[in-house]
Amino acid sequence: MEALPQTLLFGILRSGLYALSALGLAISLGVIGVVNFAHGEFVMLGAYLGFWLYVVLSGPLGLGPEVSPLVIVLGIPLSAIVLFALGRGIFRFTLRPLLGRRELDQMLLTFGLAILVQNLAVIVLSPQALDANLGWRFELLPVGPVSVTYARLAAFAVSMALVVGVYALLARSQLGKQMRAVAQNRLGAQVVGINVDRVYEIAFGLSLALAGAAGVMYVFQTQVSPFLGLATILKAFSIVVLAGLGNLFGVLWASLLLGIAEQLVSQYVPGGAALRDGLFFLIIFAVLVVRPGGLRRAHG
Amino acid sequence: MRRITALLVAAGLVAGACGGGTGPSAQATSAAPTTAAKPIKLGAILPLTGPSAATGQDMKDGYELAREQINAAGGVKGAPVEVVYEDDKNDPATAVGSFEKLVNSEKVEVLMGGLASTITAALIEPAKKAQVPMAWTGAAATTVEKGFEGQDWFFHYHPWEYQNAESGLAFLKSTPYKKFAIAHEDGLFGKGGADLNKAALPQQGQEVVATEAFKTGSTDFTALLNRLKASGAEAFLVVPFAGDMIPMLTQMREIGWQPKLIYASPPSFPPNFGQSPVAEGVAGLTLWTTDIPAEASKKFVADFQKKYSKPPVSYWSALAYTNLVTVADALKKSGTGNKAAWIKAMEETNYASPIGPTLKFAPSQTIKHQGFTRLVSFQWQGGKQQIVFPAELATAKLK
């Protein structure tokens, strides 16, 4: 059991990026009611933007591998802005015309979008996976008995800051209140004079902006490739289901629970490291059977 | 909402099962220089999209370099060489379609290419039916070798898996380490490699004290590494895919595990792996590195760099280059449309290849025409792959 504190630490640190990746998905589901299968592909696009910035900063601008903080400070706003605009465009021209139709149509649209974006990335960006030699991927900070890379700490801190920021936006701002109103009752919101289409469009933009931000943090975690999206979306789906579909505030807890559970299974179940992805599906099935509302309180 | 849930889960499962999705059909026919003679058509089956696309592209770069040089030097008896590329998408069914197209519509003189064993296995029966000459680069599985038993039109370049394993085990035997921990990705590739070592190491007096499987792309291996660390192993054998390398090595540092030897055998290392601070000291097995001290290799690397402004990604470009050069050399002797003469000319191959050893075809355990039979062990030292085994090819000592 001496490995327990370390197992918990790594589990908690991992949950940050999970929450950031899942929150955007939860917003498009919770506010607009659209299951966005292409969410992972937008994380992938964000990762390419982050990687591109890393290449520009470390190469032509000659800053070397010391650019880690700059990639975060510049890359996240850049990626968020680009993806926000892309999200609004995608919503306006593809999703909005389908909103009145069956849910299946919207799902098929986002599913097709996912395949399109991934294949475009293969054609335009090449299928070659890329590793960023960012200093923070390798520099270690001692934390108790173990050492933790700056990348791991930064991913957690940045993700948490963004997640909490979005929660504050939803709770306090005029726009956030409008989003929640639209989510609760579309017709009611329209009646009190909220421009529902505009709120939807902004919500979808915000959803993609969060995916883009998460993508930049993935540059510090793993290889950037056109196939990055699939790995992230499966976990994001599990978290959204566990949180209760569309329950935005449950995402944080669900991520924490999954991050830690995954780490515990890897550490203590024989052969657990190969089972961890299965764990996510197991949790989806268990939640749907036992408690379809997810973490949300029974009356929610 | 419940209906959404059901659809969501169903579609999520489908997405998971489908894997990477389908790539576009990329097929390119290289233009031959305009000469009076009718071009000689050769076919190459490669994965140009899908998970092995980077390696497939590397092979194509090797072929194109060879084709350019052959045609610049007058082609085959004055006729330019043309290569028709078919994308197998790393999918057996697609590969069979590609094969039929190259043989029946394109009517190619010789079939080249090949990377994955599963793809080649699917081509065994169509190939036996068509009896078209094959000069095949890839596939290492012994099941494939058995499939081509007795077929004298089949020439195979890459070593078979038992030859790979023998090369790796010979290196491990030469090290002073007795206790090994193994981690492998949980697919056929990783499990196959791990099982082989698990069975063979004890036979040469080396013990496997722990084995762990992992999902490739997990990005977090700390728990698994913790357990391997606790096993007290001196050396660490890992059979991963390229993307697992840097996260795993970084996380070994996070948990403070420093085995005396790290021996990794991914299908290829990540690009620019040598520049990564975690690369130092990692050892591995390869057919070829850009630093092999052979004249033909130095020339190949220089020519490749000049044409593409980048170094070769893997040994597959050098293997593909060797493939086309030797096929064309044999055609120069045999002329076109004469299979028996071509086979005889291929049997006489004696080519100082970029791979290092002089290429000659000789019988293997099962097939008549096997090219390369040995891989070399290297270690990343100062950002370069230094060959550390066998001694006669070594460019540095194991650290």
Side-chain angles (χ1 to χ4, degrees), chain A residues 3 6-7 10 14 29 33 35 37 65 103-104 107 111 114-115 118-119 122-123 126-131 133 137-138 140 145-149 151-152 221-223 225-227 230-231 233-234 237 241 245-246 262-268 271-277 281 284-285 288 292, chain B residues 1-9 11-16 18-24 26 48-54 57 183 185-186 212-215 217-224 226-227 230 242-247 250-251 253-256 270-273 275-278 313:
Chain A
Q6 164 187 341
T7 307
F10 282 130
R14 247 176 114 62
L29 185 64
V35 182
F37 282 109
E103 285 145 353
L104 183 63
M107 277 187 207
F111 198 66
I115 293 170
Q118 191 191 82
N119 282 291
V122 169
I123 296 166
S126 123
Q128 174 73 60
L130 302 160
D131 268 297
N133 272 329
R137 280 187 85 177
F138 308 105
L140 299 171
V146 290
S147 304
V148 177
T149 56
R152 208 185 270 278
Q221 305 287 320
T222 184
Q223 281 192 318
S225 87
F227 313 107
L230 187 73
I233 196 162
L234 290 180
F237 269 138
V241 169
L245 292 173
E262 182 184 53
Q263 214 61 20
L264 287 173
V265 167
S266 301
Q267 180 73 43
Y268 295 110
L275 298 174
R276 55 196 296 163
D277 284 4
F281 283 110
I284 292 189
F285 288 132
L288 290 178
Chain B
M1 217 30 125
R2 192 161 290 175
R3 214 150 61 85
I4 293 194
T5 311
L7 285 168
L8 169 85
V9 170
L13 287 173
V14 170
C18 291
T22 53
L48 292 169
T49 55
S52 304
Q57 185 57 49
E185 69 88 24
D186 66 349
E212 292 281 346
F214 60 87
K215 274 255 177 291
S218 297
T219 72
D220 194 308
F221 306 101
T222 47
L224 160 141
N226 241 327
R227 295 208 292 206
D244 304 322
M245 287 301 302
I246 289 181
T250 310
Q251 288 160 24
R253 292 174 157 200
E254 287 186 297
I255 65 157
N272 304 322
F273 180 71
Q275 273 82 62
S276 158
V278 292
V313 178

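Throughout, a chain's letter reflects where its sequence line sits, starting with A, and its residues are numbered from 1.
- Between chain A and the options Gln275(B), Gln57(B), Glu185(B), Glu212(B), the largest number of non-hydrogen pairs under 4.5 Å is found for Gln275(B).
- With a 4.5 angstrom heavy-atom cutoff, Ala231(A) does not touch chain B via any of its atoms.
- In this structure Arg14(A) satisfies the side chain to side chain donor-acceptor pair (under 3.5 Å) test together with Tyr18(A), Glu262(A), Thr219(B), sequence neighbours excluded.
- Evaluation of the side chain to side chain donor-acceptor pair (under 3.5 Å) rule for Asn133(A) yields no partner, not counting sequence neighbours.
- Using a 4.5 Å heavy-atom cutoff, the side chains of Ser147(A) and Arg253(B) are not in contact.
- Proximity to chain A (any heavy atom under 4.5 Å) is restricted, for Asp186(B), to the side chain, taken from C-beta onward.
- Side-chain contact of Thr149(A) with Gln251(B): a donor-acceptor pair under 3.5 Å is absent, judged by distance alone.
- Rounded to the nearest 0.5 Å, atoms CG (Asp220(B)) and OG (Ser266(A)) are 7.0 Å apart.
- With values rounded to the nearest 0.5 angstrom, Thr222(B) atom OG1 is found 7.5 Å from Gln267(A) atom CD.
- Here Phe10(A) contributes atom CZ and Ile255(B) contributes atom CD1; the two are 7.5 Å apart, rounded to the nearest 0.5 Å.
- Looking at Gln221(A), only its backbone comes within 4.5 Å of chain B, counting heavy atoms on both sides.
- Counting heavy-atom pairs closer than 4.5 Å to chain A, the top residue among Pro277(B), Ala183(B), Pro270(B) is Pro277(B).
- Using a 4.5 Å cut-off between heavy atoms, Arg137(A) touches chain B through backbone and side chain atoms alike.
- Between the OG1 atom of Thr7(A) and the CG atom of Asn226(B) there is a distance of 6.5 Å, given to the nearest 0.5 Å.
- Of the inter-residue distances, the one linking Met245(B) atom CE with Asp131(A) atom CG reads 10.0 Å to the nearest 0.5 angstrom.
- Taking chain B as the reference chain and counting heavy-atom pairs below 4.5 Å, the highest number among Leu275(A), Val148(A), Val265(A) is found for Val148(A).
- Expressed to the nearest 0.5 Å, how far CD of Gln6(A) lies from CD of Glu254(B) amounts to 9.5 Å.
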